[in-house]
There are 2 protein chains.
Amino acid sequence: MQEKLRSHIEKIVRLNDEEFELVLFHFSIAEFRKNQFIFKEGEKVKQAYYVVSGLLKLLYTDSSANQHIISFAMEDWWESDFYAYFTQTKATMSLQCLEKTTVYCLSLESYQHLCTHIPRMERFFLQKSNLGFIGSQQRILSLLTTSAKERYEQLLERYPSLLQRVSKTQLAAYLGVSRETLSRLYS
Amino acid sequence: MQEKLRSHIEKIVRLNDEEFELVLFHFSIAEFRKNQFIFKEGEKVKQAYYVVSGLLKLLYTDSSANQHIISFAMEDWWESDFYAYFTQTKATMSLQCLEKTTVYCLSLESYQHLCTHIPRMERFFLQKSNLGFIGSQQRILSLLTTSAKERYEQLLERYPSLLQRVSKTQLAAYLGVSRETLSRLYS
DNA sequence: TCAGAATAGTGATCCATGTCACAGGTGCAT
DNA sequence: ATGCACCTGTGACATGGATCACTATTCTGA
């Protein structure tokens, strides 16, 4: 399990054993059942999560009680309500398991400690953040420029396994269309 | 002008004179006329830009020749096609001036050099990247959950000056609605 | 193993927004 | 000053997608 984390980090920066020891010291492991909430809207967000196995959704519930999925987090992904995390305020979104999920947890203090004491970890987080930013911007572009049908096809192309792992209802909430409309896109 | 850059950076991290000297050495200044393209889709993106004065739009032109505005960049903002920048590939988006604009330019090598030699600059970029990521995610949320009208009102509330500075056509391209629809939102 | 809850498909209807067309206003350039 | 390009508003119409309602199927937990 720690090998997984290590190789994940070492895809971007090298760490010696001593450094990785310190990294590991700052993470904790947690396991959640299917459907369990890791945190809910309104709660303080104390951790960022690295998904070892399982599947998460980051969701927002609007005033009409409709769920919107900002993102799915599969193996090797990082997830949290990062605004709430970095500002240590209450979550506006919730993080919930779509499957039984194991995560590594990193508190903000630990994050800052690692950044300060292991420059390569700061480099790692910078790289991750840049990639996350780029990914979000592409999602914005896809929401602005493509139809629901195209977005559905793009999603299947990029993450074909998702179709097996999540319900159509969830996919629709991610794509920004109603369940019924999604159902008609391929019939 | 350099004072502007310095105080922008020092909102996040302290720099001594020597460090700022090095920072400044890696930036170059450029000026562009209204409507001029800083780069166009298909070109290599060699720089990231810090806006000293003026106003930029980052835009994507789809296959039907419709323009979509991913973001505006006002004073104190950073902008580029960051995917193309970090991977040193060709731009999928274009960056164009809505007003006469002065920018500081930072090449990828300079960016990396600064990150490596001035840890506080790496901290600065990490902070900026995190904020950028959070901002994009909120834009995604707003595209998923709110109507064009609400988005228009949110935009005016956050950046009231934009209404004076850009045409309705531009605003519509940013909000993801047609010019006509936007026109009807407040009549 | 069985009942209730999710999940999925589909018909009917309605509405928001896109598209096309036109006209008046403003500002810039020759 | 004149003319042209751009910006804006608005009417008419088309349409994609939301909403509501119902049914069939699959999952799941006591």
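Bear in mind that the values here come from a model prediction, so they are computed numbers and not experimental data. Naming: A, B, ... by sequence-line order, numbering from 1 per chain.
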What is the distance from CZ of A:Arg33 to P of D:dG29, rounded to the nearest Å? 11 Å

Strictly under 3.5 Å: I want the nitrogen or oxygen pairs between protein and nucleotides 19-27 of chain C, one per line.
residue : atom : partner  : partner atom : Å
C:dC20  : N4   : B:Glu180 : OE2          : 3.2

Nearest-angstrom distance from the residue atom CG of B:Leu171 to C1' of D:dC6: 16 Å

Specify the angle, to 10°, made by the local axes at the two ends of the helix from C:dT1-D:dA30 to C:dT30-D:dA1 when five pairs are taken at each end. 50°

Taking atom types as modelled, find out whether B:Glu150 and B:Ser147 have a side-chain donor-acceptor pair closer than 3.5 angstrom. yes

Using the test side-chain contact (heavy atoms from CB on, under 4.5 Å), find all partners of B:Leu131 that sit at least two apart in sequence or belong to another chain. B:Gln127

Base, sugar-phosphate alone, or nothing: which one does B:Thr169 contact when heavy atoms must sit under 4.0 Å apart? sugar-phosphate

Pull out every residue in residues 143-168 of chain A that has a heavy atom closer than 4.0 Å to any atom of DNA chain C, ordered by number, or say none. A:Ser167, A:Lys168

Atom CG of A:Leu185 and atom C1' of D:dG16: how far apart are they, to the nearest Å? 10 Å

Residues at least two apart in sequence or cross-chain that pass salt bridge (charged side-chain N to carboxylate O under 4.0 Å, His left out) with A:Glu31, listed by chain then number, are A:Lys100

Rounded off to whole Å, could you give me the NZ-to-P distance for the B:Lys34 and D:dA5 pair? 17 Å

Kindly give the cluster partners of A:Leu143, where membership spreads through any ILVMFWY side chain lying under 4.5 Å from a current member. A:Ile140, A:Leu144, B:Ile140, B:Leu143, B:Leu144

So which of B:Phe82, B:Tyr50, B:Tyr111 actually passes ring-ring contact (aromatic ring centres under 6.0 Å, His included) with B:Phe125? B:Tyr111

Rounded off to whole Å, could you give me the OH-to-P distance for the A:Tyr186 and C:dT7 pair? 13 Å

Could you pull out all residues at least two apart from A:Glu109 that satisfy side-chain contact (heavy atoms from CB on, under 4.5 Å)? A:Gln88, A:Ser107

Which pairs pass side chain to side chain donor-acceptor pair (under 3.5 Å) with one or both residues in residues 155-172 of chain A, sequence neighbours excluded? A:Lys57-A:Gln170, A:Glu75-A:Arg165, A:Glu99-A:Arg165, A:Lys168-A:Tyr186

Could you tell me which residues satisfy salt bridge (charged side-chain N to carboxylate O under 4.0 Å, His left out) with B:Glu43, sequence neighbours excluded, listed by chain and number? none

What is the distance, to the nearest angstrom, from the CG atom on A:Leu182 to the C1' atom on D:dG17? 12 Å

With sequence neighbours left out, write down each residue that passes salt bridge (charged side-chain N to carboxylate O under 4.0 Å, His left out) with B:Glu79, or none if nothing qualifies. none

Hey, can you pull the donor-acceptor pairs under 3.5 Å for the side chains in residues 13-24 of chain B, sequence neighbours left out?
residue : atom : partner  : partner atom : Å
B:Asn16 : OD1  : B:Glu18  : N            : 3.2
B:Asn16 : OD1  : B:Glu19  : N            : 2.7
B:Asp17 : OD1  : B:Arg6   : NH1          : 3.1
B:Asp17 : OD1  : B:Arg6   : NH2          : 3.0
B:Glu19 : OE1  : B:Asn16  : N            : 3.0
B:Glu19 : OE1  : B:Arg120 : NH1          : 3.3
B:Glu19 : OE2  : B:Arg120 : NH1          : 3.4

Just to verify, what does B:Arg123 make a salt bridge (charged side-chain N to carboxylate O under 4.0 Å, His left out) with, not counting sequence neighbours? A:Glu122

